[in-house]
Engineer: 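Dropping a structure here in structure tokens format, bear with me for questions.
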Amino acid sequence: MRETVKLISMEGFEFVIDREAAMVSQTIRSMLTSPGGFSESKEGVVTFPDISTTILEKICQYFYWSLQYSRGKETEFHIEPELTLELMMAANYLHT
Amino acid sequence: VQERFGNQSFRMERKTIDLEQGWDYMQTGITKLKRILEGLPEPQFDSEQYMMLYTTIYNMCTQKPPHDYSQQLYDKYREAFEEYINSTVLPALKEKHDEYMLRELVKRWSNHKVMVRWLSRFFYYLDRYFIARRSLPPLNEVGLTCFRDRVYNELHSKVKDAVIALVDKEREGEQIDRALLKNVLDIYVEIGMGQMERYEADFESFMLLDSASYYSRKASSWIQEDSCPDYMLKSEECLKKERERVAHYLHSSSEPKLVEKVQHELLVVYANQLLEKEHSGCRALLRDDKVDDLSRMYRLYHKIAKGLEPVANIFKQHVTAEGNALVQQAEDTATNQAANIASVQEQVLIRKVIELHDKYMVYVVECFQSHTLFHKALKEAFEIFCNKTVAGSSSAELLATFCDNILKKGGSEKLSDEAIEDTLEKVVKLLAYISDKDLFAEFYRKKLARRLLFDRSANDDHERSILTKLKQQCGGQFTSKMEGMVTDLTLARENQTSFEEYLGNNPAANPGIDLTVTVLTTGFWPSYKSFDINLPSEMVKCVEVFKGFYETKTKHRKLTWIYSLGTCHLNGKFDHKPIELVVSTYQAAVLLLFNTTDKLSYNDILTQLNLSHEDLVRLLHSLSCARYKILTKEPSTKTVSQTDSFEFNAKFTDRMRRIKIPLPPVDERKKVVEDVDKDRRYAIDAAIVRIMKSRKVLGHQQLVSECVEQLSRMFKPDIKAIKKRMEDLITRDYLERDKENPNMFRYLA
């Protein structure tokens, strides 16, 4: 299994993150665990034409924060107010 | 999280997707999926395609009305399956038959599940909100329901027939594809979506019917052709195979139902014919000691309700018959043979009964797994023949005699200590089957007394050991008197030592004859008849000396002398050589008369000794007509008559220096039976009074039955005897009859 996944924003920015982090999103998780799924020869590369770079970056941060939180490091996740609405939309899409 | 927000704050702009457009795109994905399932060359979905399909659905569901297409997409989702099934799946299935059809079905079902998995992921957004809000069936269920309604419902009957045909084929010994059947039957289970209804109604019920009729046919021919053991082997094999069948491809919940059907057809329907088969049925197996076959019979019938009852019954009948045969054999031998050989036969009988018990107890434990039904059967069988009389002796007496033979010196049984312990253990167990336990106790006590008083006991430890065992089995009351007897002897020995000291200190009191006295506690010992006799003066002196001694020890006790149990050692001064004679006290009294006179007539002796005719004849016979003729009788006929006269036989001699001259023992049996009957009357009285005291008022039937129950530990009371005692108690004002209802009794305080 490939250890990392590449997420690409609408502007073409590539975020390479751990597979485990990406799977915080149910949508991404479903895709990665589908039958006939993505083995070593296939890259886990996902393009999100509807998500901006800023938001996608924040989402990646959220993934890592979520992993830490579930491991016991209970900190706060700060969201800049101007990002809130877009972030919620993206979260809904990604089922996070 | 709220579903939608106003567009104004977004930087991103989404183009509205029109339904037809969006669906066309989805259709490409569905087509791709179908190609993959059909095995056509088609690359797998990559992450790009996956996300596009997912996103398309997502967007079409999150658009503002009238472009919110959730409902339409939900319907189109279902239609996608229906279309595929109708155009491709069903036709493929309908053109095939039997095993080919089954294989196709398994393939199509597997494909369908894959299709559902993929499509439900693409359409997943519907599950999250639309379906939840309207409480509609979720995507997974919709997909499976399509298959169930369109494919399963069409074909399940045909499939069921094909499966059952294969099952019967396997039963006939042919190889079949078990994995295939397992996969097919898994469909029945899965299609129920959590319930076993479909499996049970569409498959299992038919399979059970078919299995029942299959085994019914087999059973009807096997029961004619096969012996009981062979039939049982076949049955066991069939059950094993059917269980394997369940393990391999049927659902586990079918096991008990299938087993029950097979058992019913093979073992229940033909139970009677099987067990009663003339040369190989249960009786024959018992007769021929076919332990393995009997174990099999137990295993097979154990799991069937009430299945073991006929087997236990036959077992009981068999054991009873064997026991009765032993008893009859002993009875026949006894009537045909001389008395002493007969009594040996009676002892042999007890041995054989013990062996019989051991043998069939092994059967109960090993073949029949110690099941209570069989313990009960064995018990009841033994209770039947163990209470039969043999040549006039009750089983209680026989058992007591048997014990006596083991415990006395020079008894007929020569066994090691271990073997003796073991035998005593078994004897006590046999006692449980004898209803007249009190009769046994009395005979045992009488014989124990004889062993103790005449120093004939072989081993003290064994004596104590059997008393312990009897106590454990029958309670302390049973053995208390016997234990008292054993203790008495120990005390008597101490007493004798004191007596000898006393004589040492009072030489004037010495009677000049060695005297040993054993003082017994009356209550413990059997009652002895002792007829009054005029003792010779030497003996009278002995009695008085001892009385004098005894009064120095205790003042308030009365000594009753039992001369019938006494032994005397006399020196016979015969011409040839002196010989020591060991005789009873009575015999000694007769002989000592000849110290003063040479010749005496019968009547002389009668008057001098003051005896009854019966007793005197016995005594004189033992001294003049038996083996050792110490006295010569005139005339020298074989029996003693009142006109005979007797003389000291100076010419008597024997190669031994000391001889014992036995008196023929009086028959104890009658007395024992009388004593026991007397005790029983008291016991019945006590039981009736005890019962009435606590119940106050009781009906006739109940009183009788409670009485029987209370006394059953010791003996089986005669109903007439109970009624008689009741009448007696009424005359003695313990009870009265109710004035209105003569069948009711009342206790009178």
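Only a predicted model underlies this, so the values are computations on that prediction, with no experimental measurement involved. Letters go in sequence order (proteins before strands), and every chain restarts at 1.
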Engineer: Begin with the C-alpha distance, continue with both residues' side-chain angles, and end with the deciding distance and a verdict on ring pair (Phe, Tyr, Trp, His ring centres under 6.0 Å) for B:Tyr125 and B:Phe130.
Structural biologist: CA-CA 8 Å; B:Tyr125 196 74; B:Phe130 176 72; over 10 Å; no

Engineer: Do the numbers put B:Lys32 on top of the ring of B:Phe45, so that NZ or CZ is under 6.0 Å from the six-membered ring centre and no more than 45° off the axis?
Structural biologist: yes

Engineer: Carefully, step by step, assess B:Tyr54 and B:Tyr50 under the rule ring pair (Phe, Tyr, Trp, His ring centres under 6.0 Å).
Structural biologist: CA-CA 6 Å; B:Tyr54 171 80; B:Tyr50 182 105; 7.0 Å; no

Engineer: Should the ring pair B:Phe147 and B:His112 be called parallel, tilted or perpendicular, given that the plane angle runs from 0 to 90° and is split at 30 and 60?
Structural biologist: tilted

Engineer: So which bits of residues 57-67 of chain A come within less than 4.5 Å of chain B, counting non-hydrogen atoms only?
Structural biologist: none

Engineer: Test side-chain contact (heavy atoms from CB on, under 4.5 Å) on A:Val46 and B:Glu48; report intermediate values, then the result.
Structural biologist: CA-CA 6 Å; A:Val46 197; B:Glu48 201 74 42; over 6 Å; no

Engineer: Might you work through the side-chain contact (heavy atoms from CB on, under 4.5 Å) test for B:Leu250 and B:Tyr199, ending with a clear yes or no?
Structural biologist: CA-CA 10 Å; B:Leu250 298 177; B:Tyr199 174 82; 4.0 Å; yes

